[in-house]
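Down below is the structure, laid out as structure tokens.
For this chain, numbers begin at 1 and follow the sequence in order.
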Amino acid sequence: MAAMDRRTALGALAATPVVAACARAEPSPSRTDEAALAAEDVVRDVAPLGLGSPWETLDPFLFCVHHDDAYPAGNERMGPAASLAGRAIGRDFAGKDGWRMYHGGVVPGFPQHPHRGFETVTVVRRGLIDHSDSLGAAARYGRGDVQWLTAGSGVVHAEMFPLIEKDGPNPLELFQIWLNLPRADKLADPQFVMMWGDTIPKQLVRDAAGRATEITVVAGNFGELRPPAPPPRSWAARADADVAIWTLTMAPGARFALPAASPGTKRALYFFRGTELRVGARRVPAGHRITLRDGASALLENGPDEAEILLLQGRPIGEPVAQQGPFVMTSMAEVQQAFIDYRRTGFGGWPWPSDDPVHPRADGRFARYPDGRIDKAG
């Protein structure tokens, strides 16, 4: 993608947000307890997720985006080996033929763009992402990996989706979750951690009929499961913040007793694949967000098809949110200062030869940190 004048880029950014087993069983409730949970009204509200748009979230989260693209085989430059005719290159979100170029011109993805004042948690279920940033750090991750980036005082990064496979499709599916930072940490030093897929704990829980629910724990604790630690200035690094990011995969007809969160914690379920889910006494079709009552445990009973659910929970930060494009602060004066700082410093500048760098096709999954340390997927 051709380099963009910083003033033009700032105008565009201001106008548009960047759209970012083990088989150990938990104790099962008795039949009497299950009957009581099944009859309880634990749902506060239900809202449609919307197709192709960011999902609304509860404080301390800002929003969540679900990218799911059926990319074709890759060409020599790791872009789509397919015609790009009819696409709004540079802003292709239409989903033509089941995939999008997003802001990419050759390789799909998001060329360099700045962030300040919050965190991105990128959970890649299928496919790969190439990360490059203004700190000189780089990574290729995916296929179950998670990148947790504290933007803090300011970082510029690119997130490109290289189509590695030449002889077959390159499906990509990911969640990007924006998690707010409290005022005291909004200007923390930028930092990212890689959570390789084999370090992210999973647990298989079976109901009385033997039907399975698998819980993948990116943040928060489930039973004795402890995921890798988030960056130290994250809201999720505070035990009393009760932040959890889980995905649940439920077999047809499976029942799962979701334990209660701490008092004051806000919790929502994003039912993004399946047919129908019963949550306590409420039946909900797929494609909906289900907000639960504070402090409530809930019995989930799946419908006739396998279901997948994203759970986001946390204690609210409870501070004002002022957002313009990629900057999230607590006042518009702070947002304007972010624009001034970005114009002046470029948040460290851009050390890469293009706005949309990708790593060599043969590279495996790796992370190179600003201090030169290199970490590779197991």
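Side-chain N or O atoms of Tyr71 include none that pairs as donor or acceptor with a backbone N or O of Pro162 at under 3.5 Å. Side chain of Asp59 to backbone of Ile317: a donor-acceptor contact under 3.5 angstrom is found. Using a distance-only test at 3.5 Å, with no hydrogens or angles considered, no donor-acceptor pair links the side chain of Asp133 to the main chain of Val156. In this structure, Asn302 contributes its side chain and Asp305 its backbone to a donor-acceptor pair below 3.5 Å. Looking at Thr345, its side chain does come within 3.5 Å of a backbone N or O of Asp341 through a donor-acceptor pair. Asp130 places no side-chain N or O within 3.5 Å of a backbone atom of Val358 that could act as its donor or acceptor partner. Panel note: side chain Glu334, backbone Ser331; a donor-acceptor pair is recorded below 3.5 Å. Judged purely by atom type and a 3.5 angstrom limit, Arg116 uses its side chain to pair as donor or acceptor with the backbone of Ser153. In this structure, His66 contributes its side chain and Leu174 its backbone to no donor-acceptor pair below 3.5 Å. Side chain of Arg293 to main chain of Asp41: a donor-acceptor pair is present (N/O by atom type, distance under 3.5 Å, no hydrogens or angles).
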Next on the checklist: Set out, in order, the CA-CA distance, both residues' side-chain angles and the distance that settles side chain to side chain contact (heavy atoms under 4.5 Å, CB included) for Leu310 and Leu269, then state yes or no.
Outcome noted: CA-CA 6 Å; Leu310 173 70; Leu269 306 175; over 6 Å; no
Item to check | side chain to side chain contact (heavy atoms under 4.5 Å, CB included) between Asp240 and Arg315, worked out | outcome: CA-CA 8 Å; Asp240 64 345; Arg315 181 168 61 82; 3.2 Å; yes
Next on the checklist: Between Tyr342 and Phe327, does the side chain to side chain contact (heavy atoms under 4.5 Å, CB included) criterion hold? Intermediate values first, please.
Outcome noted: CA-CA 10 Å; Tyr342 177 56; Phe327 305 138; 4.2 Å; yes
Next on the checklist: Walk me through whether Val205 and Ile215 qualify under side chain to side chain contact (heavy atoms under 4.5 Å, CB included).
Outcome noted: CA-CA 8 Å; Val205 177; Ile215 302 95; 3.8 Å; yes
Checklist entry - Could you go step by step and tell me if Arg100 and Asp92 meet the salt bridge (charged side-chain N to carboxylate O under 4.0 Å, His left out) rule? => result CA-CA 6 Å; Arg100 303 155 186 82; Asp92 174 27; over 6 Å; no
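The number of heavy atoms from other shown groups lying within 6.0 Å of CZ (Arg77) does not exceed 12. Within a 6.0 Å radius of NZ in Lys376, other residues, nucleotides and ligands contribute 12 heavy atoms or fewer.
Put simply, the side chain of His113 does not reach to within 4.5 Å of the side chain of Pro326, judged on heavy atoms. Residues Asp207 and Phe256 form no side-chain contact, since every pair of their non-hydrogen atoms from C-beta on lies 4.5 Å or further apart. Side-chain contact between Leu62 and Val328 is present, with at least one heavy-atom pair separated by less than 4.5 Å. Side-chain contact check for Arg267 versus Leu311: some heavy-atom pair is nearer than 4.5 Å. For the pair Val121/Gln147, no side-chain contact is recorded, criterion being any heavy-atom separation below 4.5 Å from C-beta on. Between Arg238 and Pro182, some side-chain heavy-atom pair lies under the 4.5 Å cut-off. Here the side chains of Thr122 and Glu159 are in contact, with some heavy-atom distance below 4.5 Å. Put simply, the side chain of Glu276 does not reach to within 4.5 Å of the side chain of Val284, judged on heavy atoms.
In this structure, Phe93 has its ring center under 6.0 Å from that of His103. Here the two rings, on Phe110 and His157, have centers that are 6.0 Å apart or farther. Under the 6.0 Å cut-off for aromatic ring centres, Phe61 and Phe118 do not qualify, their centroids lying 6.0 Å or more apart.
Counting only N and O atoms by type, the side chains of Lys186 and Asn180 include a donor and acceptor under 3.5 Å apart. A side-chain N or O of Asp355 and one of Gln112 form a donor-acceptor pair less than 3.5 Å apart. Tyr102 and His67 form a side-chain donor-acceptor contact under 3.5 Å, judged by distance and modelled atom types alone. Using a 3.5 Å distance cut-off with no hydrogens or angles, the side chains of Trp148 and Glu119 do pair a donor with an acceptor.
The distance from atom CD of Glu56 to atom CG of Leu49, rounded to the nearest 0.5 Å, is 10.0 Å. Taken from CZ in Arg140 to CE in Met160, the straight-line distance is 12.0 Å, to the nearest 0.5 Å. Atom CZ of Arg273 sits about 10.0 Å away from atom CG of Asp68, to the nearest 0.5 Å. Within the model, atoms CH2 of Trp55 and OG1 of Thr57 stand 11.5 Å from one another, a figure rounded to the nearest 0.5 Å. Atom CG of Leu128 is separated from atom CG of Asn170 by 8.5 Å, given to the nearest 0.5 angstrom. We find the CZ-CD distance between Arg361 and Glu165 to be 8.5 Å, quoted to the nearest 0.5 Å.
A salt bridge (charged side-chain N to carboxylate O under 4.0 Å, His left out) with Glu301 holds for exactly one of Arg255, Arg283, Arg282, Arg211; it is Arg255.
In this structure, Asp45 pairs ionically with Arg289, as a charged nitrogen and a carboxylate oxygen lie closer than 4.0 Å.
At a threshold of 4.5 Å between side-chain heavy atoms, the hydrophobic network of Ile, Leu, Val, Met, Phe, Trp and Tyr places Val65 and Val321 in one connected group. Under a hydrophobic-cluster definition in which Ile, Leu, Val, Met, Phe, Trp and Tyr are linked whenever side-chain heavy atoms come within less than 4.5 Å, directly or via other members, Leu187 and Met332 are assigned to the same cluster. In the hydrophobic clustering of ILVMFWY residues, with side-chain heavy atoms under 4.5 Å counting as a link, Ile177 and Val193 come out together. Note on Phe271: it does not cluster hydrophobically with Leu58, by side-chain heavy-atom contacts below 4.5 Å among ILVMFWY residues. Transitive grouping of hydrophobic side chains (ILVMFWY, heavy atoms separated by less than 4.5 Å) brings Ile200 and Phe175 into a common cluster.
Considering all non-hydrogen atoms of both residues, Pro80 and Pro108 come closest at CD-CD, 4.1 Å. Annotation for Val155 and Ser134: closest pair CG2-OG, 3.6 Å, computed over non-hydrogen atoms. Listed here is the closest heavy atom pair of Ala212 and Ala254: O-CB, 3.6 Å. Across all their heavy atoms, Ala286 and Gly274 have their closest contact at CB-O, 3.3 Å. Between Leu163 and Pro72, the shortest heavy-atom distance links the atoms CD1-O, 4.0 Å. Closest approach of Pro60 and Leu179 over heavy atoms only: O-CD1, 3.5 Å.
Between Trp246 and Phe222, the two ring planes are perpendicular [angle over 60°; tilted spans 30° to 60°].
Pairs of residues two or more places apart, or lying in two chains, that qualify as ring pair (Phe, Tyr, Trp, His ring centres under 6.0 Å) and include a residue from residues 181-201 are His131-Phe192, Phe192-Tyr369.
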Extract all donor-acceptor atom pairs below 3.5 Å that involve side chains of residues 257-265 and protein atoms in other chains or at least two apart in sequence.
from, atom 1, to, atom 2, distance (Å)
Ser262, OG, Asp242, OD2, 3.4
Thr265, OG1, Asp242, OD2, 2.6
Thr265, OG1, Ser262, O, 3.2

